[in-house]
Amino acid sequence: AALATARESAQAAAARLDSARAALDGLETRYSDAALVKVRDNIDQARERLAFVENAADTAQEKIQSGDTSAAVLAVRAAEESVHQANVLLDAIDRTASGLDSAAAELDRAVADARQDLAQARAFSQGGAQPALAGPIAGVEQALDAVAAARGGKYDPVDLLGRLEAANAQLDASLEG
């Protein structure tokens, strides 16, 4: 029964490969290689795990037929673990897609927030009230320029968001100080 379940689980995971490939292809059209480095090889790795499942399942079947229950159990466990690993690899693509899409949406909010803070800082700076704002203003301007330039092609929204939020935090601290 465990062997049949492992094989069924492997078939279910294999059925996910095409949609995971399509999802990864979609991500590759929008996001940079750096943004996808952690999941780029997940499809191939999942395929390898699923191929191992078939080998382990065949071994388990042979061991069952020869009466070597202990070895059969070990082979079934190996098959189950490989199915689990394949699913983890495929799930990581979904999580990465969700994380990158969320970061891209959050980046829109952060850009609007940074522009508002930048306008406020420029107003204070032009009045001569806070000359120490020049550095943080330049930092936010550079981060906004990087966002604008990157969005013309493939980009890493997590990296851009981090850079923009760090620059804006320095500006906020200077405005408050």
Side-chain angles (χ1 to χ4, degrees), residues 1-114 143-144 146-169:
L3 179 56
T5 301
R7 280 191 160 135
E8 289 170 11
S9 296
Q11 289 172 349
R16 294 177 59 198
L17 288 170
D18 288 341
S19 64
R21 174 81 264 163
L24 191 54
D25 289 347
L27 293 173
E28 288 172 346
T29 66
R30 297 187 315 253
Y31 301 120
S32 68
D33 290 341
L36 300 173
V37 71
K38 292 180 182 178
V39 295
R40 176 159 316 288
D41 297 330
N42 283 27
I43 302 292
D44 293 336
Q45 290 180 31
R47 282 188 202 284
E48 290 171 10
R49 300 304 192 288
L50 294 174
F52 177 80
V53 170
E54 269 311 305
N55 291 336
D58 290 344
T59 299
Q61 190 64 47
E62 290 170 13
K63 297 301 179 184
I64 289 169
Q65 290 171 350
S66 70
D68 189 351
T69 308
S70 298
V73 168
L74 289 175
V76 169
R77 295 290 176 251
E80 291 170 340
E81 179 58 29
S82 288
V83 170
H84 173 71
Q85 290 173 4
N87 281 317
V88 167
L89 289 163
L90 297 175
D91 291 345
I93 294 170
D94 294 337
R95 279 193 312 280
T96 297
S98 177
L100 290 171
D101 291 344
S102 292
E106 182 63 17
L107 187 58
D108 291 336
R109 185 216 49 83
V111 164
D113 185 46
L144 286 170
V147 169
R151 283 195 157 175
K154 296 179 183 182
Y155 66 104
D156 182 346
V158 174
D159 176 60
L160 290 173
L161 180 61
R163 289 169 43 192
L164 182 57
E165 286 179 338
N168 202 37

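These figures come from a predicted structure and were not determined experimentally.
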Item to check | S98 side chain to D94 backbone, donor-acceptor under 3.5 Å | outcome: no

Next on the checklist: Quick one: does any side-chain atom of S82 pair with a main-chain N or O of A79 as donor and acceptor, under 3.5 Å?
Outcome noted: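 A pair under 3.5 Å: no.
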
Item to check | Check against side-chain contact (heavy atoms from CB on, under 4.5 Å), K63 and T69 | outcome: CA-CA 7 Å; K63 297 301 179 184; T69 308; over 6 Å; no

Item to check | Pairs meeting criterion ring-ring contact (aromatic ring centres under 6.0 Å, His included) with involvement of residues 75-109, two or more places apart | outcome: none

Checklist entry - Is there any ring-ring contact (aromatic ring centres under 6.0 Å, His included) pair reaching into residues 13-47, and which pairs are they, with sequence neighbours excluded? => result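 Pairs touching residues 13-47 that pass the test: Y31-Y155.
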
Checklist entry - Any Lys/Arg nitrogen of D91 or R16 sitting under 4.0 Å from an Asp/Glu carboxylate oxygen of the other? => result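 Between R16 and D91 there is a salt bridge, with a charged N closer than 4.0 Å to a carboxylate O.
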
Checklist entry - Quick one: do R30 and D25 make a salt bridge, cutoff under 4.0 Å? => result no

Nearest 0.5 angstrom please: [X] [atom1] to [Y] [atom2], how far?
{"X": "R49", "Y": "D44", "atom1": "CZ", "atom2": "CG", "result": "11.0 Å"}
{"X": "I93", "Y": "N42", "atom1": "CD1", "atom2": "CG", "result": "5.0 Å"}
{"X": "R40", "Y": "L27", "atom1": "CZ", "atom2": "CG", "result": "9.5 Å"}
{"X": "E28", "Y": "K154", "atom1": "CD", "atom2": "NZ", "result": "6.5 Å"}
{"X": "L50", "Y": "R7", "atom1": "CG", "atom2": "CZ", "result": "13.0 Å"}
{"X": "L144", "Y": "N168", "atom1": "CG", "atom2": "CG", "result": "8.0 Å"}

Heavy-atom closest pair, residues [X] and [Y]:
{"X": "A6", "Y": "V53", "result": "O-CG1, 4.3 Å"}
{"X": "A20", "Y": "I43", "result": "CB-CD1, 3.5 Å"}
{"X": "A103", "Y": "L161", "result": "O-CD2, 4.2 Å"}
{"X": "A167", "Y": "A143", "result": "CB-CB, 4.1 Å"}
{"X": "A92", "Y": "V39", "result": "O-CG1, 3.7 Å"}
{"X": "A46", "Y": "L89", "result": "N-CD1, 3.6 Å"}

Would you say the side chain of [Y] lies within less than 4.5 Å of the side chain of [X], judging by non-hydrogen atoms?
{"X": "T96", "Y": "K38", "answer": "no"}
{"X": "D33", "Y": "D156", "answer": "no"}
{"X": "L36", "Y": "L100", "answer": "yes"}
{"X": "D68", "Y": "E62", "answer": "no"}

